[in-house]
Amino acid sequence: MRRYLYLLTILSALISMAPALAIPVLSLDRIGTGRIAPGGSTFYQLILTAPSDLIGAFSVDIAFNPDVLNFHAAASATGQFGTMLGDPLVDALGLADASIPGMLHLDEVSLLDAGTLGTLQHDGSGNLLFELVLAQITFDGIGTGPGELRFAPGSIAFGNADGLGLLMPFATTPDAIFVVPAPPTLTLMLAGLLALRACRRRVSADPYGA
């Protein structure tokens, strides 16, 4: 019994001293409301949380409902990809391709060496940043219904600063987006008039508020 307790104590001490292992997670996080009207826009960020190494390249396909959403390319490469892998106009090659209906292909390759890339992806203490925003994505609502965003199976790939492949991160389900028709102006006006009429009737029926 004493030996069992002794081993259990050692095991508990080892577990408490072991560093917590963070699993890389890839997510597509929506910014703002989950419902837009046709003609409106919704914004997403492609985020890698808890990277295991410097990220020198990535590739991912994002599927969506082309009857409801249309990919809206950023005005500049920097606006699309940010600077985590370097300036897309100088230090990195990025591609955002939506030529296949319902599929957005994103990839970016850094041209920087590991030391320079580390200055972008390390914090002030020399540790890897916990969160990397790899791209900013905009979709426009062109129909009505669910946008049905998802990562295409088998499309996710990451490489480190030396060009070596990294373990594929766990991919989460993107935040849902729905495009819903806006109520016609006339309908809103009628609803407001009916509400105003109901209030007047209450005041007339009880002028003293009793």
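Here the structure is a predicted model, which means the values were calculated and not measured.
Although no hydrogens or angles enter the test, the distance criterion places a donor-acceptor pair under 3.5 Å between the side chain of Gln80 and the main chain of Ala74. In this structure, Ser76 contributes its side chain and Gly79 its backbone to a donor-acceptor pair below 3.5 Å. Side-chain N or O atoms of Arg30 include none that pairs as donor or acceptor with a backbone N or O of Ile177 at under 3.5 Å. The backbone N or O of Asn127 sits nowhere less than 3.5 Å from a side-chain atom of Ser125 that would complete a donor-acceptor pair.
To the nearest 0.5 Å, the span separating CD1 on Ile31 from OG on Ser41 amounts to 12.5 Å. Distance OG/Ser27 to OH/Tyr44: 12.0 Å, rounded to 0.5 Å. Note that the NE2 atom of His122 and the CG atom of Leu128 stand 4.0 Å from one another [nearest 0.5 Å]. Atom CD1 of Ile47 is separated from atom CG of Leu28 by 8.5 Å, given to the nearest 0.5 angstrom. A distance of 9.0 Å separates CG of Asp175 from CG of Leu149, quoted to the nearest 0.5 Å. The CZ atom of Phe178 sits 12.0 Å away from atom OG1 of Thr42, with the distance rounded to the nearest 0.5 Å.
Residues Phe170 and Pro24 have side chains not in contact (no heavy-atom distance under 4.5 Å, counting atoms from C-beta outward). With a 4.5 Å cut-off on side-chain heavy atoms, Leu93 and Glu108 do not count as touching. With a 4.5 Å cut-off on side-chain heavy atoms, Ile142 and Pro38 do not count as touching. Looking at heavy atoms from C-beta onward, Met103 lies out of side-chain contact with Ile62 at the 4.5 angstrom threshold.
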Candidate pair Met84 and Ile55, rule side chain to side chain contact (heavy atoms under 4.5 Å, CB included), full reasoning: CA-CA 8 Å; Met84 286 292 94; Ile55 303 301; over 6 Å; no

Stepwise side chain to side chain contact (heavy atoms under 4.5 Å, CB included) check, Leu85 with Leu134: CA-CA 8 Å; Leu85 274 68; Leu134 300 175; 4.0 Å; yes

Val25 vs Leu48, side chain to side chain contact (heavy atoms under 4.5 Å, CB included): CA-CA, chis, key distance, verdict: CA-CA 6 Å; Val25 175; Leu48 180 65; over 6 Å; no

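Of the listed residues (Thr78, Leu111, Leu112, Leu120), just one forms a side chain to side chain contact (heavy atoms under 4.5 Å, CB included) with Asp87, and that residue is Thr78. The side chain to side chain contact (heavy atoms under 4.5 Å, CB included) with Ser110 is formed by just one residue from the set Leu117, Thr116, Asp91; it is Leu117.
In the hydrophobic cluster analysis, where Ile, Leu, Val, Met, Phe, Trp and Tyr join through side-chain heavy atoms closer than 4.5 angstrom, Leu106 is grouped together with Met168. Hydrophobic clustering places Leu26 together with Leu166 (ILVMFWY residues linked when any side-chain heavy atoms are closer than 4.5 Å, directly or through intermediates). Clustering ILVMFWY residues whenever any of their side-chain heavy atoms sit less than 4.5 angstrom apart, transitively, puts Phe58 in a cluster other than the one holding Leu54. Under the 4.5 Å side-chain heavy-atom criterion for ILVMFWY residues, a single connected hydrophobic cluster contains both Leu46 and Leu129. Side-chain heavy atoms closer than 4.5 Å link hydrophobic residues (I, L, V, M, F, W, Y) into clusters, and following such links, possibly through other members, connects Phe64 to Ile156.
Residue Gly86 comes nearest to Ala92 through the heavy atom pair O-CB, 4.2 Å, listed as atom of the first residue, atom of the second, then distance. Residues Gly143 and Val179 approach most closely at O-CG1, 2.7 Å, considering heavy atoms.
When the side chain to side chain donor-acceptor pair (under 3.5 Å) test is applied to Asn65, no partner is found at least two apart in sequence or on another chain.
Checked by atom type, the side-chain pair Asp107/His105 shows a donor-acceptor distance below 3.5 Å. Asp97 and Ser99 are linked by a side-chain donor-acceptor pair at a separation below 3.5 angstrom, with hydrogens and angles left out of the test.
Relative orientation of the Phe71 and Phe139 rings is perpendicular, given thresholds of 30° and 60° on the angle between their planes.
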